[in-house]
Amino acid sequence: MKRARIGLLSIICGVIFIMGLAFSKPVNVNAAEKVYEIGTDVTYPPFEFANDQNKYVGIDIDIMKTIAKNEGFKVDIKPIGFNAAVQALDAGQIDGMIAGTTITNERKQKMDFSDSYFKTGVVMAVAKNSSIKSYSDLKGKRVAIKTGTAAGDYAKSIQKKYGFTTVTFDDSNNMYDDVSTGNSVACFEDQPVMQYAIKTGAKLKIVTKPAEGGYYGFAVKRGKNQELLKKFNAGLKEIKANGQYEKIVTKYLGASAMASEKKDKSQNTFVDLWNQNKDALMGGLGQTIILTVLSIIFATIFGVLIGLLGVVPNKLANGFSTTVIYVFRGLPLLVLALFIYTGVPNLLGEKIPAFIAGIITLTLNEGAYTAAFVKGGIEAVDDGQMEAARSLGLPYGKAMRRVILPQGLKIMVPSFINQFIITLKDTSILSIIGILELTQTGKIIIARNLEGFKIWTMVALIYLIIITLLTWLSKWVERRMKS
Amino acid sequence: MSAKIQVNQLQKSYGTNEVLKGLDLTVQENEVVVMIGPSGSGKSTFLRTLNKLEEPTAGQIIVDGHDLNDAKINMNHVREKIGMVFQHFNLFNNLTVGENVMLSPVELGKLNKQDAKVEAKDLLKRVGLEDKFDANPKSLSGGQKQRVAIARTLAMKPDMILFDEPTSALDPEMVGDVLAVMKDLAKDGMTMIVVTHEMGFAKEVADRVIFMADGYIMEEGTPNEIFSNPQNKRTKEFLNKVLNV
């Protein structure tokens, strides 16, 4: 009984420790110089995309940075994806977002918009060799749209009238690919984005006139960061007046800029692409490895504690353990990540950095699986072992430590190895909350160069190599333990 | 002679299944009590309540004058003095033979490692296994395992030992070695309660034989009384079955 209580106490301490970690960082940042965190899309050229050097550029980025410089504040641009940015803004995880966001009445419920900085319209694009010319050709066909975009909303609004089905994508490239490979017959996109994509390599053509003229605005959470909004509006006026705005737009939509990018693309071999992107990919891999190692450490500690609580002779501890395993094993990792990153801060009114949220997510999820097999491993040790130890006068804790655990651990070793590999793979899911690990790095590179096949092949190979190394290491440890 | 164990009206149920239905028994110091009876009669359960591997449902157990119902009693200390030998040996699979014997005296601070090692070697010699000190339990035969288990129990210098069918899981040719060790213990004056189907052992070694059936003690007496002149009808039936095979 006493031991169970100590165990429970240490779990609570552990959770508080992790939470402490989570909250200590943003407080420090706030105490120093004010830096606004601005969310943007992963890939929405020409508004935001990574250039050859994997630096974020684009109309949105340049406008934001120019205004910040002129008005004297600092910004930290976070390419976390359009949907994630909307949620992160609502959760207070970021201060503002600039991501080709069309100003709509619905969005005004949750966001305060700046004056519009760009006028656009929705166009439909089809594969280069497609015979589709107008909306009426879409009957019974499938159309690709991007989640949460005004262009997507427009497609949905005319969906019934023209009788087509839709499939949604999280970023533009996957949507373009779906059309160019023929899975879908058409996609809807904002005009400048579509134009830019086609000029830089998307094998599509625009077949309609711009519809539903929309206006892009910079957004903050409704009622929050009004000072930032004011500065943006003032800055926008200034750059429109002094010509900086015109320069930025011409830089990305002017014919000369695009011609050069187009030329680069056609010559890319596998080796070229590797040389261009190896630094970015290795950076992503580094982040993946750090995430994996930290998550494995925390998940193992958490899992072993919860697993032990599941076997001690105390009903309360057993119930707690069962519940924790049930909840965190039952939740999809993706849901858990979004819940912790965008759900919890909403409730607490405190930011949780993506990296910390990622570690907590993996700790809880992988830890629940670990707890389940730790519990199972201990239970698999013959009851007679415990009885014999107790009959000799050994207290429960000593019997556990000296007789049961050493035998249980041996049973668990293969499960631990398996779990380490799963943890490594599961870090890729954290790309959803914008952590720049290997998968997210791959996404961003592809957003720039549209070389989906070659880059994903590289990413896949890197994962396989690392998993092979991890497996060898684990087998080596396993053999050492056996002998 | 004083009472080592006194049991009053001991009951044990699993849900609605009554296994022990009110047992009374007194065991004196140096006494060897052998319990016989058909499978499912509650012999093993009774034995396991004596060191509280099973929690009794009702009744009283007094060991060396300590009432086990007393909340202040440290069961670990009581268990140190009551050895137990199991049907399936239950040697610690993660330890060598020597470590099995040394574990509890060292863990409980009775002996330091050096002394425990000397002691363990002595005990293994006593059960005829001095050459197995560094062996893995898995490499032993059943009879050897059981003798190691007895040595492990003796390492705690118990006042009494409970034997729960110690030879039932053994090949016939192994039984004799284990029984010989037990006979030696009896001769040295160890208080023993033995649940067994070895009627020869009961006849030869027991001071008292107890026949259990259906959760009751049906009859008790000297080996001569029980085996030559049983009074209870159930005892007669049982002995008929096991002796005339």
Side-chain angles (χ1 to χ4, degrees), chain A residues 1-7 304 307-308 311-318 373-417 477-483, chain B residues 44 47-55 71 74-96 99-110 136-138 145-146 148-165 169:
Chain A
M1 290 283 274
K2 205 168 159 205
R3 267 177 195 282
R5 248 178 259 139
I6 292 169
V304 169
L308 286 176
V311 294
V312 295
N314 177 314
K315 289 236 164 74
L316 197 76
N318 298 160
F373 70 67
V374 164
K375 203 172 137 185
I378 291 170
E379 281 166 352
V381 177
D382 181 33
D383 290 343
Q385 298 285 309
M386 180 55 102
E387 288 185 350
R390 297 310 302 277
S391 79
L392 288 165
L394 290 178
Y396 179 84
K398 280 194 168 134
M400 200 67 182
R401 225 169 31 249
R402 298 287 283 121
V403 176
I404 309 300
L405 280 183
Q407 296 183 50
L409 271 174
K410 234 175 205 178
I411 300 172
M412 295 169 210
V413 166
S415 306
F416 268 115
I417 292 172
V477 172
E478 191 181 359
R479 269 201 306 275
R480 300 256 327 210
M481 275 189 70
K482 271 200 178 133
S483 58
Chain B
S44 287
L47 211 58
R48 291 159 57 85
T49 54
L50 296 181
N51 66 353
K52 282 215 175 171
L53 284 185
E54 302 286 347
E55 196 70 32
N74 183 334
M75 214 38 231
N76 292 329
H77 293 320
V78 176
R79 285 185 181 134
E80 288 174 17
K81 291 289 149 202
I82 310 178
M84 189 160 199
V85 175
F86 299 86
Q87 179 178 357
H88 294 289
F89 333 123
N90 298 350
L91 293 185
F92 304 136
N93 298 321
N94 56 318
L95 303 175
T96 65
E99 287 166 343
N100 261 274
V101 181
M102 290 163 63
L103 179 71
S104 47
V106 172
E107 283 292 314
L108 296 172
K110 307 274 174 201
N136 185 318
K138 276 182 204 145
K145 281 181 188 169
Q146 196 59 298
V148 172
I150 292 172
R152 179 176 70 177
T153 295
L154 290 173
M156 286 306 292
K157 306 204 184 314
D159 293 340
M160 76 189 88
I161 302 180
L162 312 174
F163 291 88
D164 187 4
E165 305 206 22

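All values below come from the heavy atoms of this structure, side chains included, with hydrogens, waters and symmetry mates left out. In what follows, every chain begins at residue 1, and chains take the letters A, B, ... in the order their sequences are listed.
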Which atoms of [X] approach chain A - backbone, side chain, both or neither, heavy atom under 4.5 Å:
| X | result |
| --- | --- |
| B:Phe86 | side chain |
| B:Arg48 | side chain |
| B:Ile82 | backbone |
| B:Asn93 | both |

Looking at chain A, which one of B:Val85, B:Asn74, B:Leu103, B:Asn51 has the largest number of heavy-atom pairs inside 4.5 Å, strictly under?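 Option with the greatest count: B:Leu103.
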Can you tell which of B:Lys52, B:Arg152, B:Met84, B:Lys81 has the highest number of heavy-atom pairs within less than 4.5 Å of chain A?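 The option with the most such pairs is B:Arg152.
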Hey, could you give me the CD1/CZ distance between A:Ile404 and B:Phe92, rounded to the nearest 0.5 Å?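 It comes to 8.0 Å.
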Sort by residue number and list every member of residues 156-165 of chain B having a non-hydrogen atom under 4.5 Å from chain A.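 Counting heavy atoms that sit under 4.5 Å from chain A, the residues of residues 156-165 of chain B involved are B:Met156.
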Residues 383-394 of chain A: residues contacting chain B (heavy atom under 4.5 Å, by number):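 Only A:Gly384, A:Gln385, A:Glu387, A:Ala388, A:Ala389, A:Arg390, A:Ser391, A:Leu392, A:Gly393, A:Leu394 of residues 383-394 of chain A have a heavy atom under 4.5 Å from chain B.
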